[in-house]
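This report concerns only the one structure given below.
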Amino acid sequence: MASLVSSPFTLPASKADQLSSLSQKHFFLHSFLPKKINNLPNSKSSFKVKCAAIGNGLFTQTTPEVRRIVPENKNNLPTVKIVYVVLEAQYQSSLSSAVQSLNQNSNFASFEVVGYLVEELRDENTYKTFCKDLEGANIFIGSLIFVEELALKVKTAVEKERDRLDAVLVFPSMPEVMRLNKLGSFSMSQLGQSKSPFFQLFKRKKQGAGFADSMLKLVRTLPKVLKYLPSDKAQDARLYILSLQFWLGGSPDNLQNFLKMISSSYVPALKGTKVDYSDPVLFLDSGIWHPLAPCMYDDVKEYLNWYGTRRDVNEKLRGPDAPVIGLVLQRSHIVTGDESHYVAVIMELEAKGAKVIPIFAGGLDFSGPVERFLIDPVTKKPMVNSVVSLTGFALVGGPARQDHPRAVEALMKLDVPYIVALPLVFQTTEEWLNSTLGLHPIQVALQVALPELDGGMEPIVFAGRDPRTGKGLSIALSLVVSSHASLIFVIWKSHALHKRVEQLCTRAIKWAELKRKSKTEKKLAITVFSFPPDKGNVGTAAYLNVFASIYSVLKDLQKDGYNVEGLPETAEALIEDVIHDKEAQFNSPNLNVAYKMSIREYQNLTPYAPALEENWGKPPGNLNSDGENLLVYGKQYGNVFIGVQPTFGYEGDPMRLLFSKSASPHHGFAAYYSFVEKIFEADAVLHFGTHGSLEFMPGKQVGMSDVCYPDSLIGNIPNVYYYAANNPSEATIAKRRSYANTISYLTPPAENAGLYKGLKQLSELISSYQSLKDSGRGQQIVSSIISTARQCNLDKDVELPEEGEEISAKERDLVVGKVYSKIMEIESRLLPCGLHVIGEPPSAMEAVATLVNIAALDRPEDGISSLPSILAETVGRNIEDVYRGSDKGILKDVELLRQITEASRGAISAFVQKTTNKNGQVVDVADKLSSILGFGINEPWIQYLSNTKFYRADREKLRVLFEFLGECLKLVVADNELGSLKQALEGKYVEPGPGGDPIRNPKVLPTGKNIHALDPQAIPTTAAMQSAKIVVDRLVERQKVDNGGKYPETVALVLWGTDNIKTYGESLAQVLWMIGVRPVADTFGRVNRVEPVSLEELGRPRIDVVVNCSGVFRDLFINQMNLLDRAVKMVAELDEPVEQNYVRKHALEQAKALGIEVREAATRVFSNASGSYSSNVNLAVENSSWNDEKQLQDMYLSRKSFAFDCDAPGAGMTEKRKVFEMALSTADATFQNLDSSEISLTDVSHYFDSDPTNLVQNLRKDGKKPSAYIADTTTANAQVRTLAETVRLDARTKLLNPKWYEGMMSSGYEGVREIEKRLTNTVGWSATSGQVDNWVYEEANSTFIQDENMLSRLMNTNPNSFRKLIQTFLEANGRGYWETSEENIEKLRQLYSEVEDKIEGIDR
């Protein structure tokens, strides 16, 4: 992959001319890849890179030896040995050059130096060398040491030598390392404790950029500070501050003077020697820098004046019409001379016709310079059209503490697209190219996740590192310009990186063009999905009525001046247009064909086409093709194209589904994106809804190279993506892998499931029992309750006495209580009704159920009590006790809980009614609220509660709660989904916001924000750990009851990305608590360590785990996978009795059986291979492309057996199938979490796709089926249910519930598909777990098939999805999951051929 060539050029003498002539010669521009990929010896080589653990298995294979300089010392001068540790390598060349010139010219000492990159200290051998080097050192220097586990290693090593060392200098780093500082009498060991102003500067936690900026202030306020210091200390403190100035000045001259000053002042051998050194040469703290400019500027007008006089650029670039790109640079790279990667970007942008304003800052807060240099002080308008940060850091705070609100405030003022590109920090170029993970996990956390919180997009790796010099490689070439010679050496490092700069610059200009182009000429490609591939599925997206939404968006854009010529009159007509004939089978070309692409055109437009042939053969293939051409499906209206994204292509092929790694995109998929970019020439693509396949194509996890498919496919088109607000994890994958600006949309408003048919009858019977139970009719009513409960199939959930059995009054209460508790659980279950339409926020009354649920959670951090707990206190009860009693079926507690629930709904409805007008819209909430919350007016909730038993509720607590609910109500009904889309299309900044569950975290609202996840190192939080303990304790108790009082030895469980974001790591914390460890946070609140909890405190054995991480969790939380793996291995090595430590017990057995070390046998953290997602069981079930359950289990094992190893994190995911199977074979229970009301077990296919219940039974030696549990934390009353109970609850509240299916039917075409999807997912559960009762299928059949009226509605609304529904019923019966009468089956077969005829008849 990497070739190294150096070729001499003769160039004009001055550096300015050299660089400008280079830019004219286009060395920066043309790609160094041969035009045709198939000239390469092996066009797929990039994907065959076997990512074995190279060398030490870590990410960083570089060695400190390249930074070691040992002097010859011919004159027997005293030797001064310096050891330094830095985060990035930019100081390496500067320091090396300073030391070499000192050794050549110094007559007082010779200098030995060795430097370490902090990441290298992970390697045990390197760390030993580091400790050895310290033993002989005089001076230690450290800078930017912010990774806790490595900071602690540095601290331990330096502490041992600190008293002996002559000087220890640590510049901005974690406080633990800063405390090592010592210069004579100056020390920072009291850092953060002392009262002097000097130390107070370090204590202000609230400053976003924290340390570094305090230090810069310190440097500037030096004279004032010295006043407060006793005189002998003043000198040492002054030298510390001068050292900091030298260090931040970074140039070889500054570092030379720095070494002279420190060694002559503190090295005993040089005491008394007179050494002259100059003061630090100070560079601007912040300003504007251009490689060809005569100086740095701190005034943008002066800079632009210079720009206008440049002779080396053409007139167009100097003129007013060129796009202007702002760049954000790190000052340390400029002053240390390690700036060739910046030069490359500047030259490339200029060669592409863009003006640049490159700004820099010395500290870690770039928000000031952004406002000062990029916003016109007079008009307050931006002077740039887009901004690219080349630092890779958050805008405010770098790697230490961040201040995201401050960053967002500055970027909102600037209001242009904000791209954060990355230089490789912890890897060399080659290591990155060979890594299937892509970027180093620590770099992902610091430089991808944190900038996303600022609204940063497009984490494109634009600069590499050379393992020898450590200098940033300017992408295709590293310029080594000697000041004397007119010789220039060009080192080619890797073809790929050059293309990265080209792509970064093109994309930055494309975003800038959106700000400059008029609306009438802008072209937009709207992309919809069709999954599984079937005509009835075009326009699939979670919770979204896609065509109604597209129609509403296009109407709005048309009103706004976009050209949408020929848009039909209705959303239904739009469906007809795009699908042309939505009843035709998808792969017949009966979707509307927008474009036929010949093979030759396809090959010319798609440079990576040959790489697809390994999986798909020669084009055109048989997907999206008519045998001669590739077909692009869709329809164009003026400048808007609505296209259908092709699917993965292998979902119908059971053999391909078994492959452990996913296949490349097929030719039709590639042709679609080539069409959008190069033929239709879209200015932006809008992916419509959650979610397509583009971002899940093979490639690196994060930090794409140009052979990663998502990168090749999206090319240079700005990507705007509507994503469900409750799915931040997959939205983040779309951001990182397909460079999307993700805009959140609301999930439909939730309602309570309510009761229907027999369940409603039961509720009425229970009411009469309560009023008549002491009369003679009690026994009779209970008999009716029992027989009705049986008819409703509640006998599976509640133990019912035999009919006619005599039972005592006390037992009667208990039976009724349990049935009552069950139906209340069904009644109050939340479900999203219907589908959301973009731009239609819920009415206020639709928001009531959401507010009731927001009000049901205690929020101690905000001082807010939940409404149920306030009401329970009124009658002298604790709400937790009421929940417990109700769960046990204690009749008076069930009744009290019902009254509390009813009073909550009533009080909140009364409040909402007061803030709405007669059309049900929320009117100016602020005014209404202030009048309600003003004194003297009787508050509506108090009025409501005064007529209930809760009339004495605490008014103050209620007022605090309702103020909060008022804020939430404003957010729920706000509508910014269309507004944000228009901002993105106009090249403006879209405000970032968290994704997640609006009930747990109302900050998710209003929607229309650029969704981000969270800082991956912030989880699990302490609160998550508390919740996790409760769930794990309940799970263990439940399993003991079901398992003859024995603890489970192993639990197999799943970690999902979105769930851990919503709950701040609850399920991650559950795993830690099962094995008995707790997370330990560092000074910045980041979790990178764990410690074991003693067996006494745990009070039970440590339970073994088998953790299946979803592909999305693996991409987002690789640091946490590392943490988990370290935790499990630590527990396996504890010296404890095996009957108290099942992790150790099984690891020892497995190590013996497999002949491996215990540590390797304790591998328990698994996922897919990098760049692959899901077990494919869902694809097989959705497409009916499987023969038997064994085949599904093989898919699971082959796709999910890739392990993460904390001892060799650089190796990525490696296959360990044997260990995986052995670990699973010990599982007594399988376990998953449900954490928010809108997604339950049958709503999506992911849950059964990850369920190993039947598989574990097959792997266990005794063939025993494991218990299967689901933890439900969707309400304040967390429950652990069996899988079968949860499937029944789901069926009753959704599939069989008229409120739910009528809500879906009201969405028309899309609604029928939603009903069919629930039934298919139910079959999925039968296939993986066998936990679906027969009555569920029976009832579904009578609801949708036996009811003639329903049947004809389904058939006429979406015949295609209806055909799939019938097919699914027949399949459930054929596979033995549903036993039913022959008549039922006969009717289904007959219907099937009727639907077929109808579809074909329509075709003719």
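All figures in this text were calculated on a predicted structure; none of them were measured in a lab. The figures here come from the full heavy-atom set of this structure, side chains too, leaving out hydrogens, waters and symmetry mates.
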Is [Y] close to [X] at the side-chain level, that is, under 4.5 Å between some pair of heavy atoms?
X: S664; Y: M697; answer: no
X: T1242; Y: L1319; answer: no
X: L1296; Y: K757; answer: no
X: L554; Y: Q558; answer: no
X: L1295; Y: D1290; answer: no
X: F529; Y: T647; answer: no
X: I1239; Y: L1234; answer: no
X: L1354; Y: I1315; answer: yes

Testing the basics here: between [X] and [Y], what is the closest heavy-atom pair and its distance to 0.1 Å?
X: Q645; Y: S693; value: OE1-N, 2.9 Å
X: R1292; Y: C792; value: NH2-O, 3.2 Å
X: I838; Y: S552; value: O-OG, 3.0 Å
X: Q1346; Y: N1384; value: NE2-OD1, 2.7 Å
X: E1310; Y: N545; value: OE1-OD1, 2.9 Å
X: S549; Y: L544; value: OG-CD1, 3.6 Å

Whether the [X] and [Y] side chains hold a donor-acceptor pair (N or O, under 3.5 Å, no angle test) is what I'd like checked.
X: H836; Y: E977; value: yes
X: T1253; Y: Q1331; value: no
X: T747; Y: N726; value: no
X: N1254; Y: Q1193; value: no
X: E1371; Y: S1184; value: yes

Subject >> Derivation and outcome, side-chain contact (heavy atoms from CB on, under 4.5 Å), residues K1294 and S1240 >> reply: CA-CA 10 Å; K1294 291 204 171 136; S1240 194; 3.8 Å; yes

Separation between [atom1] of [X] and [atom2] of [Y], rounded to the nearest 0.5 Å:
X: N793; Y: E1338; atom1: CG; atom2: CD; value: 10.0 Å
X: F675; Y: L631; atom1: CZ; atom2: CG; value: 12.0 Å
X: I1366; Y: E1396; atom1: CD1; atom2: CD; value: 9.5 Å
X: K1364; Y: Y1392; atom1: NZ; atom2: OH; value: 9.5 Å
X: L567; Y: K555; atom1: CG; atom2: NZ; value: 5.5 Å
X: E1189; Y: Q1257; atom1: CD; atom2: CD; value: 9.5 Å

Is it true that a side-chain atom of [X] and a backbone atom of [Y] form a donor plus acceptor pair closer than 3.5 Å?
X: S1306; Y: G1303; answer: yes
X: N592; Y: G634; answer: yes
X: S1175; Y: V1177; answer: yes
X: R1389; Y: L1370; answer: no
X: N1178; Y: S1245; answer: no
X: Q1191; Y: N1187; answer: yes
X: N1321; Y: G1324; answer: no
X: Y1309; Y: I575; answer: no
X: W1325; Y: V1332; answer: no
X: K1299; Y: T1293; answer: no

State whether [X] and [Y] are salt-bridged, where the test is any N-O pair (Lys NZ or Arg NE/NH1/NH2 against Asp/Glu carboxylate O) under 4.0 Å.
X: K822; Y: E1285; result: no
X: R1318; Y: E1314; result: yes
X: E1394; Y: K1387; result: no
X: R1353; Y: E1302; result: yes
X: R1313; Y: E1316; result: no
X: D1249; Y: K1200; result: no

**OP:** With side-chain contact (heavy atoms from CB on, under 4.5 Å) as the test, would you mind laying out the steps for E572 and F547 before giving the verdict?
**Re:** CA-CA 8 Å; E572 288 67 33; F547 282 105; over 6 Å; no

**OP:** Begin with the C-alpha distance, continue with both residues' side-chain angles, and end with the deciding distance and a verdict on side-chain contact (heavy atoms from CB on, under 4.5 Å) for S1352 and N1356.
**Re:** CA-CA 6 Å; S1352 69; N1356 294 327; 4.2 Å; yes

**OP:** Please determine which of T1380, L1388, V1323 meets the side-chain contact (heavy atoms from CB on, under 4.5 Å) test together with F1369.
**Re:** L1388

Distance flag, aromatic centroids of [Y] and [X], threshold under 6.0 Å:
X: Y602; Y: H667; answer: yes
X: F688; Y: Y721; answer: no
X: W1056; Y: Y1247; answer: yes
X: F669; Y: Y673; answer: yes

Original post:
Yes or no on salt bridge (charged side-chain N to carboxylate O under 4.0 Å, His left out) for D1272 and R829, after CA distance, side-chain angles and deciding distance?
Top reply: CA-CA 11 Å; D1272 177 344; R829 189 97 177 145; 2.6 Å; yes

**OP:** For side chain to side chain donor-acceptor pair (under 3.5 Å), just list the numbers for Y1196 and T1328, CA-CA rounded to whole Å, side-chain angles, deciding distance to a tenth of an Å, and then say yes or no.
**Re:** CA-CA 10 Å; Y1196 185 95; T1328 63; over 6 Å; no

Original post:
Taking it one step at a time, do T690 and N727 satisfy side chain to side chain donor-acceptor pair (under 3.5 Å)?
Top reply: CA-CA 8 Å; T690 307; N727 193 343; 5.2 Å; no

**OP:** Tell me, with the steps shown, if L794 and I823 meet side-chain contact (heavy atoms from CB on, under 4.5 Å).
**Re:** CA-CA 9 Å; L794 286 177; I823 64 172; 4.0 Å; yes

Original post:
Who are the ring pair (Phe, Tyr, Trp, His ring centres under 6.0 Å) partners of F680, not counting sequence neighbours?
Top reply: F641

Subject >> Charged tip of R1375 within 45° of W1186 ring normal and under 6.0 Å >> reply: yes

